[in-house]
Enquirer: 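Questions regarding the structure given below will be posed in turn.
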2 protein chains.
Amino acid sequence: MPLDLILNNLEKHIHLTREEQEIFTAYLQPKKVKRKQFLLTYGEVCKYSAFVTSGCLRGYTVDKSGIEHVLSFAPADWWIADMYSLISQKPGIQNIEALEDTDVLLLSKANQEKLYTQIPKFEHFFRILTENSLVASQQRLIDSLSLTAEERYNNFCKRYPTLIDHLPQKQIASYIGVTPEFFSRMKSVIVRKK
Amino acid sequence: MPLDLILNNLEKHIHLTREEQEIFTAYLQPKKVKRKQFLLTYGEVCKYSAFVTSGCLRGYTVDKSGIEHVLSFAPADWWIADMYSLISQKPGIQNIEALEDTDVLLLSKANQEKLYTQIPKFEHFFRILTENSLVASQQRLIDSLSLTAEERYNNFCKRYPTLIDHLPQKQIASYIGVTPEFFSRMKSVIVRKK
DNA sequence: GGTGGCACTTGATGTAGGTTAAGAAATGGT
DNA sequence: ACCATTTCTTAACCTACATCAAGTGCCACC
């Protein structure tokens with residue numbers, strides 16, 4: 001049951017009564033996104049936080065020379081949204097695309113805000129979730145400023161071991177911030193070292 | 001009165017009663033940090049969120065080859081902390097140093113957590129503050145992945161016009177992610193263009 | 001009112017990673 | 001099971017930025 005997954009996800013930080021669980025789940029909206037389809041596209045206003053119950057999404061931006069930069073992967077049990085757009089309700093900068101057939105549970109911004117007032121524990125939950133994202137984002141910035149591509153790749157392997165052999169390597173290249181060509185070269189150098 | 005500054009800062013997102021203001025301000029601890037002195041150093045556990053009432057701080061990390069990377073500037077009316085360490089209560093990765101004589105108000109992690117339960121509005125406030133930091137951090141990551149040094153410099157000028165002529169330029173170089181030498185050259189090229 | 005240190009500049013040279021191109025391998029839709 | 005498309009590899013050349021080095025201007029403080 002996909003609802004178990006999201007309820008367990010919440011339990012990592014807050015405890016809900018049976019009733020509160022029911023209020024919460026009533027706010028959720030299941031959705032399927034087929035491989036290569038989009039949950040959100042550039043320029044659109046982001047109206048939902050999405051929780052992935054199966055499959056995998058990627059959030060990315062496209063720069064002015066057309067190069068894609070992967071900002072996050074969201075496999076099962078992860079939350080994803082274009083935070084800039086969700087907060088400001090202005091046109092967003094991210095595309096969120098399914099890397100494989102994916103099931104999500106959508107929580108609309110309006111419902112999320114209702115939860116904050118109805119059940120303050122949710123404000124607590126999302127504060128913690130946001131804090132953790134902030135730390136991860138800062139760490140990634142530090143890494144991109146101070147590590148080589150190879151070191152960033154090693155970090156990626158350590159942090160997301162399940163994703164590694166699961167993802168087309170151009171997506172990993174984009175996440176660590178190099179071209180697919182350079183990534184390929186780098187990998188063959190790493191292999192030769194061993 | 002420095003308390004007015006912080007109370008106004010809160011008013012941007014939440015409204016407090018007179019009593020709540022008093023509870024809050026009783027939790028604060030004023031501190032002076034002289035130029036070149038540290039509010040926090042690498043390896044130390046971060047126990048406070050700091051709000052700057054006058055002067056300016058910088059938060060930075062030092063990589064393994066000894067290069068400093070400025071993560072944030074905190075002029076008056078800004079909050080600063082090593083979020084990684086504050087959240088995890090593990091030894092931190094940032095140095096927070098005064099660029100000039102600076103006055104801060106410290107809010108301990110323990111007091112901050114008391115506020116969350118005593119006055120839930122504070123959970124709301126810090127959730128929003130964290131969300132905004134997250135968006136800023138993500139944007140900076142996107143910029144570092146997709147813009148040239150010159151474009152990042154232009155963004156910096158637009159976003160922090162007051163800091164520009166106020167800060168030693170090697171600090172700006174470090175923030176935008178280039179060496180002081182390259183920054184100097186870049187600036188002279190920009191001037192020549194006009 | 002020197003002088004020691006720091007911030008800034010300028011030049012020569014080095015390098016991590018990008019670009020372009022072309023072929024080989026893998027994959028997925030029908 | 002096949003073809004079309006996408007993904008991966010390899011190679012030659014290019015560029016943004018780093019490194020090293022030497023020199024200039026500027027306070028600050030004894």
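Per chain, numbering begins at 1; letters A, B, ... match sequence-line order.
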Enquirer: If you measure only the distance, is there a donor-acceptor pair under 3.5 Å linking the side chains of A:Tyr27 and A:Gln118?
Expert: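 Yes, a side-chain donor-acceptor pair sits under 3.5 Å.
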
Enquirer: I need the CD-P distance between A:Glu181 and C:dG18, as an integer number of Å.
Expert: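 Spelled out: CD on A:Glu181 to P on C:dG18 is 9 Å.
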
Enquirer: DNA chain C: A:Val178 or B:Gln171, which has the more 5' nearest nucleotide?
Expert: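 The residue mapped nearer the 5' terminus is B:Gln171.
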
Enquirer: Check whether any side-chain nitrogen or oxygen of B:Gln169 sits under 4.0 Å from OP1 or OP2 of C:dT9, and answer yes or no.
Expert: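 So the side chain of B:Gln169 is within the cut-off, an N or O lying under 4.0 Å from OP1 or OP2 of C:dT9.
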
Enquirer: Whole-Å distance between C:dG28 P and A:Lys34 NZ?
Expert: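 Value for this atom pair: 14 Å.
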
Enquirer: The side chain of A:Ser184 is closest to which nucleotide in this list: C:dT10, C:dG29, D:dT10?
Expert: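 Comparing C:dT10, C:dG29, D:dT10 against the side chain of A:Ser184, the answer is D:dT10.
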
Enquirer: Can any side-chain N or O of A:Ser88 pair as donor or acceptor with the backbone N or O of A:Lys90 at less than 3.5 Å?
Expert: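 It does hold such a pair.
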
Enquirer: Rounded to whole angstroms, how far apart are CG on B:Asp63 and P on D:dA18?
Expert: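 From B:Asp63 CG to D:dA18 P: 12 Å.
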
Enquirer: Determine the contact category for B:Arg152: base if any of its heavy atoms lies under 4.0 Å from a base atom, sugar-phosphate if only primed atoms, P, OP1 or OP2 are that close, otherwise nothing.
Expert: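 Contact class for B:Arg152: sugar-phosphate only.
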
Enquirer: Please give, in whole Å, the distance from D:dT7 C1' to A:Ile172 CD1?
Expert: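 Rounded to the whole Å, the gap is 13 Å.
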
Enquirer: Spell out, as yes or no, whether a donor-acceptor pair under 3.5 Å connects the side chain of B:Glu123 to the backbone of B:Pro120.
Expert: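 No, B:Glu123 side chain to B:Pro120 backbone: no donor-acceptor pair under 3.5 Å.
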
Enquirer: Calculate the interatomic distance between B:Phe182 atom CZ and C:dT13 atom C1'; express it in whole Å.
Expert: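 For the pair B:Phe182 CZ and C:dT13 C1', the rounded distance is 15 Å.
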
Enquirer: So is A:Arg140 actually on top of A:Tyr175's ring, under 6.0 Å and inside 45° of the axis?
Expert: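 Yes, A:Arg140 sits over the ring of A:Tyr175.
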
Enquirer: Can you figure out which of C:dT9, D:dT19, D:dC8 approaches the side chain of A:Lys170 most closely?
Expert: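 The nucleotide sitting nearest to the side chain is D:dC8.
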
Enquirer: Send over the distance from A:Leu99 CG to C:dT27 P, rounded to a whole Å.
Expert: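 Answer to the nearest Å: 15 Å.
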
Enquirer: Choosing from D:dC17, C:dG18, D:dT10, which nucleotide comes nearest the side chain of A:Arg185?
Expert: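 It is C:dG18.
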
Enquirer: Consider the side chain of A:Lys187, meaning its heavy atoms from C-beta on, and name the nucleotide among D:dC17, C:dG17, D:dT9 that approaches it most closely.
Expert: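 Minimum distance to the A:Lys187 side chain belongs to D:dT9.
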
Enquirer: When you measure from the side chain of B:Asp82 to the backbone N and O of B:Gly92, does any donor-acceptor pair fall under 3.5 Å?
Expert: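 Not a single qualifying donor-acceptor pair exists.
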
Enquirer: Could you state the atom-to-atom distance from CZ of B:Phe183 to C1' of C:dT10 in whole Å?
Expert: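 After rounding, the reported distance stands at 16 Å.
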
Enquirer: For D:dA18, does either OP1 or OP2 sit under 4.0 Å from a side-chain N or O belonging to B:Thr179?
Expert: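 For D:dA18, OP1 or OP2 has a side-chain N or O of B:Thr179 closer than 4.0 Å.
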
Enquirer: Rounded to whole Å, please give me the gap between NE2 in A:His166 and P in C:dA26.
Expert: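 It is 19 Å, rounded to the nearest whole Å.
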
